[in-house]
Amino acid sequence: MKKAIISKISEYNEQNVIVDGWTYNSRRSGKIGFLSLRDGFGIIQCIVEKQKIGDELFESFKRLHQESSISVIGKVVENSRAIGGYEILVEDFTIHQLTENYPITPKEHGTDFLMNHRHLWLRSKKQHSILKIRHQIVKAIRDFFDNNDFTLVDTPIFTPNAAEGTSTLFETNYFDSKAYLCQTGQLYGEASAMAFGRHYNFGPCFRAEKSKTRRHLTEFWMVEPEIAYADINDNMEWAERLIAYIVKQVLDNRMNELNVLGRDIDKIKNIMTPFPRVSYTECIEILNKSGNEIKWGEDFGSPEETYIANQFDKPVIVYGFPSEIKAFYMKRDPNNEKVVLGMDILAPEGYGEIIGGSEREVNINTLLDRIKEEKLNKSDYEWFLDLRRYGSVPHSGFGMGLERVVAWICGISHIRETIPFARTMNRINP
RNA sequence: UCCGGCAUAGCUCAGUUGGUUAGAGCAAUGGACUGUUAAUCCAUGUGUCCCUGGUUCGAGUCCAGGUGCCGGAGCCA
């Protein structure tokens, strides 16, 4: 007999199959039982009739509590009363383990309790859907870059210094000296772009910021393309094409999961290029008109960012930030030395910044000045400066925070549910 | 780090102006029911009321300190 997975159960209509899984829920109405079987690929209703399977097996069925592991043998049939349209008429089943007192019951639970049981919470429908969509997004990102002749080049996690100087780093004991967990792979990405033309790296980043908000993790995943012979406008186009592609892939492949999450599809179905572009200076004007007293030169806070994003129903590209508030490696605008050729993309619905990028500074003297201004250790950057000594070209890149994109597309209010095992200021377990 | 909130059964919560024996739903256990979708109905068990100290004849309830968590700010993807 064939083993079937629930996501492909329609291929086995009117056939007998084996399905390996776990009991998601069970109900009884006298001599007929309804067992929701979960196998990681889907959930299907199994019909257990006492008359059909006999008294002994029916008694074992009664003992199948939530998350008991079983293999079910039965016939697949269409039935409109079953969620998913198919059900299995059980003929036999074998029990691998009878589970007692599974902690997560089909009722409400608090976030702290659920996060303490994250290893089990992953089995729940909603969490399962979020991580399936996360996987689809990761695949879309890789496909997008692979299909556009980018090369994946992994950047190191142990680094000897701060890339941006500003963010807080996790320090580790590296034999007799100190090393830090990477907060970005960007500088290494620039080296790679000069070797491969189009580069991306995709992996975890670490920031020891004491941030307790729904948008922050201490360990999160970031994808960072870096493109040789690309200016800031090329950069914006790559970024918006990437986002549009991701949204389309999720809509095309994960509609079931979006529905489980109750996502309002209207909010994401029109995410197509081009995205609106608005300069930092225009943002200040918009904010001042609305009564916000932010001055030119100040960085946006979270409420300002949300206000700007809410003016549009697509992600919005904000460009031309004051150079003082941005990283040392961003190129100054030749037409206005006060601003840099940097851009952020803000997601709609208050999800905040999902992309930050820029055209990179290529003039070695300007870079040296900026390194001095930021009080960075020049010797740490000698290798990076080599990239400006040997065949330097205009180039650009950006970083996109995976979890924020997942949160936005899923419509999840807190980022901690968008990563399998969240690390925050107050949590490193499980 | 700052501001605000919360902490009572395995879970989610209620608990009156301080009053003697601490409550519900779910989960669990037993039973009824052949089409349930978080099934329903009946029965049964469940407590360091976060910790320490104080006020009081009496504290889950009031006060002080502590701890943990949640939300927001700053910072950022």
Side-chain angles (χ1 to χ4, degrees), chain A residues 24-36 43-53 58 62-63 65-67 79-84 87 89 99-117 120-121 124-125 164-169 182-186 202 204-224 239 298-306 325-327 344-347 350-357 398-408 413-416 418-419 424-427:
Chain A
Y24 194 71
N25 197 358
S26 81
R27 297 172 288 279
R28 260 183 300 138
S29 183
K31 298 181 181 65
I32 185 170
F34 304 92
L35 175 71
S36 294
I43 295 174
I44 193 165
Q45 172 163 289
C46 303
I47 306 298
V48 187
E49 284 180 284
K50 191 174 186 177
Q51 205 178 10
K52 188 166 188 170
I53 64 168
F58 198 75
K62 287 185 185 175
R63 292 197 299 274
H65 299 130
Q66 250 191 301
E67 293 301 325
N79 192 323
S80 58
R81 286 176 294 188
I83 291 165
E87 58 187 21
L89 305 176
T99 291
E100 303 283 350
N101 294 315
Y102 185 68
I104 302 177
T105 60
K107 272 284 173 181
E108 297 145 26
H109 298 281
T111 317
D112 192 45
F113 174 82
L114 291 168
M115 287 303 287
N116 284 335
H117 295 83
L120 304 176
W121 194 22
S124 301
K125 236 186 250 180
E164 303 186 6
T166 52
S167 300
T168 325
L169 293 160
C182 69
Q183 52 182 200
T184 167
Q186 197 224 301
F202 195 1
C205 293
F206 307 88
R207 302 213 179 152
E209 292 157 359
K210 292 189 173 177
S211 303
K212 281 196 293 187
T213 83
R214 64 180 68 185
R215 293 182 306 280
H216 288 87
L217 297 168
T218 53
E219 177 181 318
F220 64 98
W221 280 59
M222 187 153 71
V223 59
E224 298 176 285
E298 292 172 2
D299 206 355
F300 299 148
S302 184
E304 288 83 17
E305 217 174 74
T306 303
I325 60 173
K326 288 292 174 182
D344 286 353
I345 300 188
L346 309 178
Y351 283 94
E353 186 182 338
I354 50 174
I355 280 182
F398 60 88
M400 184 176 79
L402 175 64
E403 286 77 15
R404 288 188 182 176
V405 172
V406 177
W408 163 52
S413 66
H414 203 299
I415 198 170
R416 69 187 152 210
T418 65
I419 188 165
T424 63
M425 205 179 128
N426 293 321
R427 177 175 299 281

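Letters A, B, ... are given to chains in the order of the sequence lines, protein chains preceding strands, and every chain is numbered from 1.
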Nearest heavy atoms of [X] and [Y], plus distance in Å:
X: A/Glu353; Y: A/Glu305; result: N-OE1, 3.3 Å
X: A/Met222; Y: A/Gln183; result: CE-O, 3.8 Å
X: A/Ser29; Y: A/Phe34; result: CB-CE1, 4.5 Å
X: A/Asn79; Y: A/Glu87; result: ND2-OE2, 2.8 Å
X: A/Leu89; Y: A/Lys52; result: CB-NZ, 3.8 Å
X: A/Ile419; Y: A/Glu219; result: CD1-O, 3.7 Å

>> Each nucleotide in nucleotides 22-29 of chain B should get exactly one letter: B, S or -. Can you fill that in based on protein heavy atoms under 4.0 Å?
In response: ----SSSS
Any idea which of [options] is nearest the [X] side chain?
X: A/Ile415; options: B/rA77, B/rC69, B/rU12; value: B/rA77
X: A/Glu49; options: B/rU34, B/rC11, B/rC76; value: B/rU34
X: A/Glu209; options: B/rC75, B/rU12, B/rG35; value: B/rC75
X: A/Phe113; options: B/rU34, B/rC75, B/rU12; value: B/rU12
X: A/Gln45; options: B/rC76, B/rC11, B/rU37; value: B/rU37
X: A/Asn25; options: B/rG74, B/rG72, B/rA39; value: B/rA39
X: A/Phe220; options: B/rG71, B/rA77, B/rC76; value: B/rA77
X: A/Ser29; options: B/rG35, B/rA77, B/rG74; value: B/rG35

>> Set out, in order, the CA-CA distance, both residues' side-chain angles and the distance that settles side chain to side chain contact (heavy atoms under 4.5 Å, CB included) for A/Ile415 and A/Leu217, then state yes or no.
In response: CA-CA 8 Å; A/Ile415 198 170; A/Leu217 297 168; 3.9 Å; yes
Describe the nucleic acid contact of [X] in one word from base, sugar-phosphate, nothing, applying a heavy-atom distance below 4.0 Å.
X: A/Gln51; value: base
X: A/Glu87; value: base
X: A/Gly33; value: nothing
X: A/Arg214; value: sugar-phosphate
X: A/Ile47; value: base
X: A/Ile83; value: base
X: A/Lys50; value: nothing
X: A/Gly352; value: nothing

>> Can you work out whether A/Lys62 or A/Phe34 has the more 5'-proximal nearest nucleotide on RNA chain B?
In response: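 Of the two residues, A/Lys62 wins.
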> Closest nucleotide of RNA chain B for A/Thr424 versus for A/Leu217: which of these residues is on the 5' side?
Replying inline: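 Result: A/Thr424.
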Expressed in angstrom and rounded to an integer, what is the separation of [X] atom [atom1] from [N] atom [atom2]?
X: A/Asp112; N: B/rC6; atom1: CG; atom2: C1'; value: 12 Å
X: A/Trp121; N: B/rU12; atom1: CH2; atom2: P; value: 12 Å
X: A/Phe58; N: B/rA32; atom1: CZ; atom2: C1'; value: 13 Å
X: A/Asn426; N: B/rU1; atom1: CG; atom2: P; value: 11 Å
X: A/Leu114; N: B/rC70; atom1: CG; atom2: P; value: 12 Å
X: A/Lys31; N: B/rU36; atom1: NZ; atom2: P; value: 17 Å
X: A/Asn79; N: B/rU34; atom1: CG; atom2: C1'; value: 14 Å
X: A/His414; N: B/rC70; atom1: NE2; atom2: C1'; value: 9 Å

Could you tell me how far [M] sits from [N] if I compare only their [atom1] atoms? Round to whole Å.
N: B/rG66; M: B/rG19; atom1: C1'; answer: 29 Å
N: B/rG35; M: B/rG25; atom1: P; answer: 27 Å
N: B/rC69; M: B/rG54; atom1: C1'; answer: 26 Å
N: B/rA7; M: B/rC50; atom1: P; answer: 8 Å
N: B/rA27; M: B/rC11; atom1: C1'; answer: 7 Å
N: B/rA39; M: B/rC26; atom1: P; answer: 11 Å
N: B/rC51; M: B/rA9; atom1: P; answer: 11 Å
N: B/rA73; M: B/rU36; atom1: C1'; answer: 49 Å

>> Could you go through A/Lys326 and A/Asp344, starting from their C-alpha distance and side-chain angles, then the distance that decides it, and tell me whether this counts as side chain to side chain contact (heavy atoms under 4.5 Å, CB included)?
In response: CA-CA 11 Å; A/Lys326 288 292 174 182; A/Asp344 286 353; 3.4 Å; yes
> For the residue pair A/His117 and A/Phe113, does the interplanar ring angle fall in the parallel (under 30°), tilted (30 to 60°) or perpendicular (over 60°) class?
Replying inline: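 Tilted.
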Do the side-chain N or O atoms of [X] get closer than 4.0 angstrom to the phosphate oxygens (OP1, OP2) of [N]?
X: A/Arg207; N: B/rC75; result: no
X: A/Arg416; N: B/rG71; result: yes
X: A/Ser302; N: B/rA73; result: yes
X: A/Asn116; N: B/rC69; result: no
X: A/Arg27; N: B/rU36; result: no

> Just checking, any donor-acceptor pair under 3.5 angstrom between side chains of A/Thr218 and A/Arg427?
Replying inline: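 Judged by distance alone, the side chains do not pair up.
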> Do A/Arg427 and B/rC69 have a side chain to base donor-acceptor pair shorter than 3.5 Å?
Replying inline: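 Such a pair does not exist between side chain and base.
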> Do A/His216 side-chain and B/rC76 base share a donor-acceptor contact under 3.5 Å?
Replying inline: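 Indeed, a donor on one side and an acceptor on the other fall under 3.5 Å apart.
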>> With a 4.5 Å cut-off on side-chain heavy atoms, are A/His109 and A/Leu114 touching?
In response: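 SC-SC contact between A/Leu114 and A/His109 confirmed.
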>> side-chain hydrogen bond (donor to acceptor under 3.5 Å, both in side chains), that's the test. Do A/Gln66 and A/Thr105 meet it? Break it down for me.
In response: CA-CA 8 Å; A/Gln66 250 191 301; A/Thr105 60; 5.8 Å; no
> In dot-bracket form, how is RNA chain B paired, counting a Watson-Crick or G-U wobble pair only if both its distances are under 3.5 Å and using | for bases paired to another strand?
Replying inline: (((((((..((((.....[...)))).(((((.......))))).....(((((..]....))))))))))))....
>> One pair to check against side chain to side chain contact (heavy atoms under 4.5 Å, CB included): A/Glu100 and A/His65. What are the steps and the verdict?
In response: CA-CA 7 Å; A/Glu100 303 283 350; A/His65 299 130; 3.8 Å; yes
